[in-house]
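Some notes on the structure that comes next.
Just so you know, ligand 1 is whichever comes first in the structure, and atom 1 is the first atom listed for that ligand. Computed from a predicted structure; not experimentally measured.
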Amino acid sequence: MTSSVSLPAKVETSVLTGSNKDLWLEILKKIQPQVQRGQFVTWFRDTAVLGRDGGKLIVGLPIPMGLNWHIEHYKGKTLVAAQECDSTIEQIVYRVDVGLKDNPERSIDLLIQFPEDKKRKLPGKQEVKMAEGIVSKILSPRYTIDNFIVGESNRLAHAACQAVSNQPGGKYNPLFLYGGVGLGKTHLLQATGNSILKNMPKATVVYTTSEDFTNEVVEAIRMQKMEKVRGRYRKVDILIIDDVQFLANKERTQEEFFHTFNTLYEEHKQIIISADRPPQELDLEDRLISRFERGMIADVSKPDYETRLAILVEKAKEYELFIEMNVLQFIAEHTTNSVRELEGILMQAVALYELEQRMPTIQSIAQIMKKLNKDPHLEEQDTGFEKKEKRRPTFQEVIEAVSRYYSVSVQDMIGPKRNRDILLPRQIAMLLGKKYLNMSYVGIGEVFSSRDHTTVMNAVSKIERKLLNDAQLLREVRAIEEEVGVV
Ligand code: ADP
Ligand code: MG
């Protein structure tokens, strides 16, 4: 490494920027494996070696907030790493230099030098062809029974899942979980699947949604392969079907499911089902409903304050987000609808934190919530924001609301991808643009990566048709409409 230690610090700072940069890169390479990625990117972005002063290595930080954090968390590691690069370094001294921010000449671009290994994956989105040929979604390892926070609202459901994981096919068969959107049903279903697989690695665990199951049946009928698909499903050890309310009006699929259910049930294979409402309220064949009622039925409802706070603490940890307790408390107090909503606010806080290097504060969270229109009461409180006139949302706001609701990124929504997860939110956004913002098909198409106006027209009429006989979808769209304030 550089041998210019004897030069006075001033000269070195201005003349040897290049070697300072090399030195800092070497040091960062040693620190990086010891620090979680989120923390590393946040706290080391736009940092640099500013120079030397004898045995002192002067490290520049772009934001004042970083100072205490570095001293508390990284000083030791930085010194050790620095000494490995240059044994004459005796001490690390920090200096805040706001000029470092976004100045590629002076600092190292962490995102280029330390690219992310894997993209953060959305849970449960990929599909696998199982050996037996059934399409099952991969169980996301993100969902475990242990990282599910238990409170009054979900105690029974959680306990039932635990019992089923310990003894699949036992007395809780079928297990039927129900509750509103974003309250943890999918989490519990997947966690149970994961847990069973851990105990019984050879078991065939199939997790699917009722929509995917329907598609499979439709496809099998079309290809005249129903017999084969039927045979395969009946070899499954654990069948998990999410959101069975979507089987409404799909008689043929219900029939197939009924027979599969019976076969598995008689062989004491575990069946786990979720829906947005209890069995008797489902718009399904009576014989299916009576099957669902045979086993264990448990609901998940909205979590209380303590549970919400516990979930936030857990999620903040998961996302490596440092956030003050009073800020988490503030979010828990003001976000009462669903866990997904809690996560949504937290994700916004993560974005703020990653993009602007701003630690979330009560003020910034209040601002986020205000933007999301989450809590009208906030306006009356002393958060320093004035009451907003009710106005028509912009298309951008509509798209953002849909993206939050379905947890897909705005970029994916407006981009070229054609995954099923993205199609629906995209169609809904297009519909809302047409319905409430008076936009033309051409105008909407432009926003969505210059799609052709006929594509938009098809999308809109498709979703309109779906809404005619899909009560759940109607509720979802209604929730978004309420959120953006058009109804
Ligand atoms: P649902 O299937 O009921 O619509 P999800 O299972 O998708 O809801 O939950 C939405 C999000 O909230 C998921 O990211 C899930 O991990 C999280 N979540 C819900 N309940 C809890 C809980 N009790 N503890 C931890 N995370 C939860
Ligand atoms: Mg779900």
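Taking 4.0 Å as the cut-off, E314 does not count as a neighbour of ligand 1 on heavy-atom distance. In this structure, G179 does not count as a contact residue of ligand 1, since none of its heavy atoms falls inside 4.0 Å of the ligand. In this structure, R142 has a heavy atom closer than 4.0 Å to ligand 1. The shortest heavy-atom distance from G180 to ligand 1 is under 4.0 Å.
The heavy atom nearest to atom 6 (O) of ligand 1, out of those in H187, H158, K315, is found in H187. Relative to atom 23 (N) of ligand 1, the option among N147, V181, D243, I149 with the closest non-hydrogen atom is I149. Comparing L342, V339, N154 against atom 20 (N) of ligand 1, the shortest heavy-atom distance belongs to V339.
Between the side chains of T455 and N458, no donor N or O sits under 3.5 Å from an acceptor N or O. Using modelled atom types and a 3.5 Å distance limit, the side chains of E476 and Q472 yield a donor-acceptor pair. Side chain to side chain, N194 and Y143 fail the donor-acceptor criterion of an N or O pair below 3.5 Å.
The CG atom of L188 sits 11.0 Å away from atom CD1 of I240, with the distance rounded to the nearest 0.5 Å.
Within the 6.0 Å centre-distance limit, the rings of F44 and Y74 are counted as a close aromatic pair.
Considering backbone and side-chain atoms together, G184 places an N or O closer than 3.5 Å to an N or O of ligand 1. Residue F148 has no N or O atom closer than 3.5 Å to an N or O atom of ligand 1. Residue-to-ligand polar distances place G182 within reach of ligand 1: an N/O pair is separated by less than 3.5 Å.
Residue-level proximity to ligand 1 for E343 is carried by the side chain, the only part with a heavy atom below 4.0 angstrom.
For the Mg ion (ligand 2), the set of nearby N, O or S atoms under 2.8 Å includes none belonging to S274.
Within 6.0 Å of NZ in K462 there are 12 or fewer heavy atoms belonging to other residues, nucleotides or ligands. Within a 6.0 Å radius of CZ in R478, other residues, nucleotides and ligands contribute 12 heavy atoms or fewer. Within 6.0 Å of NZ on K466 lie more than 12 heavy atoms contributed by other residues, nucleotides or ligands.
Remark: the backbone N or O of V410 is not paired with any side-chain donor or acceptor of E400 at under 3.5 angstrom.
Every atom of ligand 1 with a heavy atom of Y143 under 4.0 Å away is listed here by number and element: 16 (O).
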